[in-house]
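The structure appears below as structure tokens.
Order of appearance sets the numbers: ligands from 1, and atoms from 1 within every ligand.
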Amino acid sequence: MKKIIVIPGDGIGKEITDSAVAVLKKVDEKFKIGLEFDYRDAGGASYDKYGEPLTAETLEACKAADAVLFGAVGGPKWDNIEVSKRPEKALFGLRKGLGLYGNLRPVKIYDALIDGSPLRPEIVAGSDILIVRELVGGIYFGPRCESEIVDGVERAFDTEVYSVPEIERIARLAFESARTRRYKKVTSVDKANVLASSRLWRRVVNEVAKDYDDVILEHLYIDNAAAQLTIHPTRFSILLANNGYGDILSDEAACLSSSLGLLPSISIGGITNFAESSSGSAPDIAGRGIANPIGEILSAALLLRYSLKNEDAAQAIESAVDKTLADGYRTADIYKDGLNRVNTVEMTNAIIDRI
Ligand code: IPM
Ligand code: MG
């Protein structure tokens, strides 16, 4: 048996994890993997029940599992609780607790959706990017101060800190990932013209690159990288970034393909891999059954590929999603006149029918 911990979380998390689990059950039937699902709470849902966004019991259950399928956390209901109890803390606690230093976010441009892209088809066509984001260091985890008074004025700060081993392991993951791709290139993003932590980042990436003669390396400043994504997205293959820049660039890159609801992700490198859509909890549409489940369903495919090493099952899901889009099924976020407008469950069933 392969045990998967499912953490629906908040907002649309329940709807999209229901979809991904239904799809996993279908591939399990077909490929006889022997999947077993075990549910836990995190985020606001956990805070409401246990008074904390992530319990030690949940973290332990994740450590003991073969993989984690995560929905989303957060929502206006918990916006005003104290910082240490905020739903997002669950995500950081899981990433750190499981040691997930590498976050992979593949950005794919579907032929069927190309005219839904905010970019002209001739610019975006052929884009195929894998974002490799460092996930447990940098400014999201560095020393911080919520508030202090200095010379009579209030201030706050966060600190960007990276050590050589932290940069080395994420750079290695980026170069290794590049080797599996058609276009063997790593674009490393930093702000080395201004920041000391970025200069170290660049130096270490250059060192690691010496072991990968077959991979092209380029460095771009973060501001230029953000611009290049919109004017020349096909220049990228692997986009390597620290935690903060990777967070921002992955939302930007996801929009190239028309909706954030399409972007899957898997976090690896630690005890148990962790799959989640990048859509967020979308509280504005939660509970209405209209969320796009594709990002979460494709995350389940990544879970099969990276955690359970079942490439056939992963590809079965990916090609079913391709076919479903080609056949004109569209949730509200990607809907266009004349096509088949469906809700979350209908989209899920259409994908299951094509596996
Ligand atoms: C993401 C999300 C999270 C992050 C938030 C919810 C804390 O934006 O996974 O990209 O910033 O890492
Ligand atoms: Mg983000």
Side-chain angles (χ1 to χ4, degrees), residues 7-14 16-17 20 41-47 52-54 62 68-79 81-107 129-142 144 146 158-160 162 166 170 189 222 225-226 229 239-257 259-270 273-284 286 291-292 295-296 298-299 302-303:
I7 302 182
D10 309 318
I12 61 167
K14 172 158 180 2
I16 61 176
T17 49
D41 289 305
S46 173
Y47 175 79
E52 45 186 321
L54 176 68
C62 291
V68 180
L69 179 71
F70 187 85
V73 287
K77 182 176 173 197
W78 305 282
D79 272 352
I81 60 180
E82 67 167 286
V83 182
S84 69
K85 307 267 187 210
R86 287 184 62 100
E88 293 78 12
K89 285 281 167 193
L91 208 42
F92 293 126
L94 284 161
R95 288 172 180 171
K96 197 77 170 181
L98 296 172
L100 301 168
Y101 68 81
N103 178 228
L104 307 179
R105 295 183 167 176
V107 178
I129 306 172
L130 178 67
I131 297 174
V132 178
R133 169 186 175 191
E134 200 289 327
L135 204 59
V136 291
I139 199 158
Y140 288 21
F141 287 93
R144 67 168 50 112
E146 289 293 327
D158 302 274
T159 322
E160 173 91 331
Y162 271 109
E166 285 176 313
I170 192 71
V189 171
I222 171 66
L229 267 176
L239 214 167
L240 165 63
N242 68 21
N243 204 346
Y245 298 153
D247 184 24
I248 296 165
L249 291 180
S250 58
D251 271 30
E252 187 190 355
C255 291
L256 300 180
S257 72
S259 169
L260 208 50
L262 293 166
L263 186 72
S265 110
I266 186 125
S267 302
I268 64 174
N273 294 345
F274 185 96
E276 64 174 314
S277 158
S278 304
S279 58
S281 61
D284 51 323
N292 187 344
E296 188 74 9
L298 292 171
S299 301
L302 295 178
L303 180 156

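- Salt bridge status for E276 with R95: present, with a side-chain N to carboxylate O gap under 4.0 Å.
- For residues 244-254, the salt bridge (charged side-chain N to carboxylate O under 4.0 Å, His left out) pairs, not counting sequence neighbours, are R133-D247.
- Across every non-hydrogen atom of S281 and G75, the tightest pair is OG-N, 4.4 Å.
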Problem set entry | Steps toward side chain to side chain contact (heavy atoms under 4.5 Å, CB included) verdict (L91, F274) | CA-CA 10 Å; L91 208 42; F274 185 96; 3.9 Å; yes
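- Sorted by first and then second residue, the salt bridge (charged side-chain N to carboxylate O under 4.0 Å, His left out) pairs involving residues 96-107 (not counting sequence neighbours) form an empty list.
- Using a 4.5 Å heavy-atom cutoff, the side chains of I222 and L249 are in contact.
- Within 4.0 Å of ligand 1, heavy atoms belong to protein residues E88, L91, F92, R95, R105, R133, Y140, D247.
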For this session: I would like to know whether V107 and L239 meet side chain to side chain contact (heavy atoms under 4.5 Å, CB included); could you show each step before the answer?
Result: CA-CA 10 Å; V107 178; L239 214 167; over 6 Å; no
For this session: Mind running side chain to side chain contact (heavy atoms under 4.5 Å, CB included) on V132 and I170 for me, showing each step along the way?
Result: CA-CA 8 Å; V132 178; I170 192 71; 3.8 Å; yes
Problem set entry | Derivation and outcome, side chain to side chain contact (heavy atoms under 4.5 Å, CB included), residues T17 and E296 | CA-CA 7 Å; T17 49; E296 188 74 9; 3.4 Å; yes
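- Protein N/O/S atoms closer than 2.8 Å to the Mg ion (ligand 2): D247 OD1.
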